[in-house]
Amino acid sequence: MSGVAVEPDVVVAALRAASVGRGDLVGLAVMPGVGVGLAAPELAAPVALAVEDPAAVVAMVEDELRPRWVIWSGATAARLVEAGVRLATAWDVAAVHRLLFGGWKAEPDRVWAALHDLDPGAVPTLPPLDLFSQPAHDDAAALVRPVRPDGYLEPRWVLGAAEDDPQRLARWAALALEAAALQERRLTALPAPDRARRAVRSESTAELLCAELSADGLPVDRDEAEAVIAGFVGPRPRTALEAAEQRAERDAAVLRLAPPGQQGVDLRSLPQVKSLLRRAGVEVPDTRKWRLEAMRDSHPLVAALLDWRKAERISTTFGYAWLDERLGVDGRLRGEWTGSDGAAGRMTASAGLHNMPAALRRAVVAEPGHVFVRADLGQIEPRVLAAVSGDRALAEATQEDDLYAPVAAQLGVDRATAKVAVLGAMYGQTTGHGAQALRGLQAAYPVAMAHLDEADRTAQGGWDVRTYGGRLVRMGFGPAGELTASQARARAAARGRYGRNAVIQGAAAELFKVWAVTVRARAAPLDARIVLCLHDELLVHVPTAHGDAVSSLLDDCLQESAARWAPDRSVRFLAETSVIGRWSDAKG
DNA sequence: TGCGGCTATTG
DNA sequence: CACAATAGCCGCAG
């Protein structure tokens, strides 16, 4: 089966003749400067086009037919975004693989092997090139045959052999489509196939969003950022020598408060810091911030050390080097985004976008003529617990703006205690102040608590768990043998807590992503772009004139998303929304 | 040079 | 100081 080369204006007609319409699957592979390959189930052979600008062809099909594009991974979306084309929807084979099989690795060879029940450990690789290796005599054969006789994908194709030839791009697109069909069959076998199919759509489209987030970046005002950093570590050093002097002076300011004879202590060495503190009469088992905070007044050295830590953190992780590396001349701070981490499936971002110190939020400023619309989901995890467990009593509590108020009343405790108990139940805390209230929870919300216990037991036994949307969360962490009895108990308990939390955190991540991709779609006509996703928070960059419209849109999208994610409408979800000029202006 | 431990920051 | 993540530096094994 080889691709048929056609002209761009024939493509839409060919796809339409093959009954491709809105939402139908179309396999896609592109390489700028080379061409594009397209495949559809009712197309006799995949279509190959040799074109300089494949994105233009894709855009044309998108406008005319708006299919659901089947791509091997977000890398395809990233190429298209680079070329100025944003897809509406996708079936991301790698994302679906992560959902179905767990873990993070989802290269085409591994995906293909899993779908054909082949040993993933035996996936073929290319022999390493060395001075003595001859070009393999079967190279030519490998280039026309992506699937080997033994059923594995040919490694040359996995490594990009398709990308220099339109005919091979077409074949590669057809294989993506074939992988999607096999994935669809696996979905059917899951406990809740319809939920999983909805998750496939939202998780795949979230990968498109990630490609855009990576390309667009977060609007950051460089002068503001430099001012915040300067407040912690002083002005930007002009030379390496100046930087070293600045650093040495920071160290010296702490050591001047140390007992005599301690001037040579390295503050970055934990054993040295511990002995330094001991000589100053401060005895601590470790030097964590919360522990030192309690000893702040016992010796001037402690307060100085805490300040030093703060400055050191800014200097090493969120300082001038960070800005230079991550903040573009266009005022956008860029990191790489992934749609799901290896565990429960939350989105992750590099470059510190998810753990930027709060002090830097004042540097996140909307561009001229724009505002941010920021919204965060209120008490998302207990509300998700109510939804995924089907606990009627807890669902009743979600009708209140503050869910902990009715829970506290039910348990006969104060709000703070109720909150600690609920969070403790979801995180697996079994000791301390919450233990008493935990028994109250068992009585008041038995369905929800049983749901958590079930996940805990499953994970403790080393069995994988699945989230509400069907994501497999693997439990095979840690080496197997050579454990003492108490180590084995600790391992089992850790697994239990992990599994208990994964079904909540993972389901919350699924709802969040439905919300995010819904906002992405609905807000695009208003020229609004999501610029940050933060687990339960969205930051949307919007032309000022549309600020209020997008603000109410975010809530509409949440209601729509919640109904789509969990069609039983018994649980109430809410978002707190504000229209602001800079991130630090938000109340939240 | 790679990896585990410790630390800080965020949700 | 429970659950998750990224990221930096130190100390140690190889």
Side-chain angles (χ1 to χ4, degrees), chain A residues 104 232 247 251 265-274 284-294 305-319 321-322 325-326 335-361 364 374 376-382 384-385 419-435 438 452 455-456 459 465 467 473 477-479 490 493-509 512 532-539 583 586 588:
Chain A
W104 195 79
F232 286 99
R247 200 171 106 139
D251 296 4
V265 167
D266 178 359
L267 295 173
R268 292 161 195 83
S269 163
L270 295 176
Q272 289 187 43
V273 167
K274 232 160 121 179
V284 282
D286 59 61
T287 72
R288 286 182 174 86
K289 184 186 175 184
W290 65 272
R291 213 184 282 281
L292 293 180
E293 208 67 67
L305 184 61
L306 284 164
D307 290 347
W308 179 90
R309 284 257 176 94
K310 187 158 250 169
E312 181 73 1
R313 168 136 176 96
I314 294 288
S315 167
T316 56
T317 309
F318 294 101
W322 172 68
E325 195 177 335
R326 296 298 184 166
E336 289 99 57
W337 287 78
T338 61
S340 77
D341 58 41
R346 296 218 289 202
M347 292 172 79
T348 62
S350 69
L353 285 163
H354 275 174
N355 57 348
M356 186 189 302
L360 278 159
R361 291 185 181 194
V364 179
R374 173 204 172 272
D376 73 299
L377 302 178
Q379 304 168 340
I380 178 66
E381 291 193 333
V384 161
L385 170 60
K419 181 175 174 176
V420 167
V422 171
L423 293 176
M426 291 187 300
Y427 291 157
Q429 186 182 42
T430 52
T431 57
H433 187 48
L438 200 59
L452 294 169
D456 195 310
V465 300
T467 64
V473 181
F477 59 80
R495 277 203 184 114
R497 290 194 300 272
Y498 181 74
R500 172 184 284 268
N501 183 250
V503 295
I504 303 305
Q505 190 187 105
F512 177 80
L532 192 72
C533 294
L534 201 45
H535 309 311
D536 66 351
E537 177 175 353
L538 283 175
L539 196 64
W583 196 13

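As a basis for the values below, the full set of heavy atoms in this structure was taken, side chains included, without hydrogen atoms, waters or symmetry mates. The chains referred to below are lettered A, B, ... by the order of the sequence lines, with proteins before strands, and numbering in each begins at 1.
A/Ala502 comes within 4.0 angstrom of nothing in the nucleic acid, heavy atoms only. Heavy atoms of A/Met426 sit nowhere under 4.0 angstrom from any nucleic acid atom. Among the atoms of the strands shown, only primed sugar atoms or phosphate atoms (P, OP1, OP2) are found under 4.0 Å from some heavy atom of A/Ala343. Using a 4.0 Å heavy-atom distance criterion, A/Arg288 is classed as a sugar-phosphate-only contact. A/Arg500 comes within contact range of no nucleotide atom at all, as no heavy-atom separation falls under 4.0 Å. Heavy atoms of A/Arg346 sit under 4.0 angstrom from at least one base atom.
For B/dT7, one of the phosphate oxygens OP1 or OP2 lies less than 4.0 angstrom from a side-chain nitrogen or oxygen of A/Thr287. Look at A/Ser269 and you'll find a side-chain N or O under 4.0 angstrom from OP1 or OP2 of C/dG11. In terms of phosphate contacts, A/Arg313 brings no side-chain nitrogen or oxygen within less than 4.0 Å of OP1 or OP2 of B/dT9. For B/dC6, the OP1/OP2 oxygens have no side-chain nitrogen or oxygen of A/Lys289 closer than 4.0 Å. Close to C/dC3, at under 4.0 Å from its OP1 or OP2, lies a side-chain N or O of A/Arg497.
Just one residue in the list A/Val384, A/Asp536, A/Leu538 forms a side chain to side chain contact (heavy atoms under 4.5 Å, CB included) with A/Leu377, and that residue is A/Asp536.
The interatomic distance linking A/Gln505 (CD) with C/dA2 (C1') rounds to 13 Å, in whole Å. Nucleotide C/dA2 holds its P atom 12 Å from the CG atom of A/Asn501, rounded to whole Å. Counting to the nearest Å, the P atom of B/dC6 and the CH2 atom of A/Trp290 are 14 Å from each other. Spacing between atom CD1 of A/Ile314 and atom C1' of C/dA7 amounts to 13 Å, rounded to whole angstrom units. Protein atom CZ of A/Phe318 is 6 Å distant from nucleotide atom C1' of B/dT9, rounded to whole Å. Rounded to an integer number of Å, the gap from CZ of A/Phe512 to P of B/dG11 is 12 Å. Here C/dC10 presents its P atom at 10 Å from CG of A/Leu270, a figure rounded to the nearest Å. One atom, NZ of A/Lys274, and another, P of B/dT7, lie 8 Å apart when rounded to the nearest Å.
Checking C/dA2, B/dG11, C/dC10 against the side-chain heavy atoms of A/Gln429 singles out C/dA2 as nearest. Picking from C/dC10, B/dT10, B/dT7 the nucleotide with the shortest atom distance to the side chain of A/Asp286 gives B/dT7. With distances taken from any side-chain atom of A/Pro271 to the nucleotides C/dG11, C/dA7, C/dA5, the minimum falls on C/dG11. Looking at the side chain of A/Asn355, the nearest of the listed nucleotides B/dT7, B/dT9, C/dC10 is B/dT9. Taking the side chain of A/Ala358 as heavy atoms from C-beta on, and the options B/dT10, C/dC3, B/dG11, the nearest nucleotide is B/dT10.
When all heavy atoms are compared, the tightest approach of A/Ala502 to A/Ala344 is O-CB, 3.9 Å. When all heavy atoms of A/Leu534 and A/Leu353 are compared, the closest pair comes out as CD1-O, 4.3 Å. Listed here is the closest heavy atom pair of A/Thr287 and A/Leu292: O-CD1, 3.4 Å. The heavy-atom pair separating A/Arg268 from A/Asp251 by the smallest distance is NH1-OD2, 3.0 Å.
For A/Arg309, the CZ atom counts as densely surrounded, since its 6.0 Å shell holds more than 12 non-hydrogen atoms of other residues, nucleotides or ligands.
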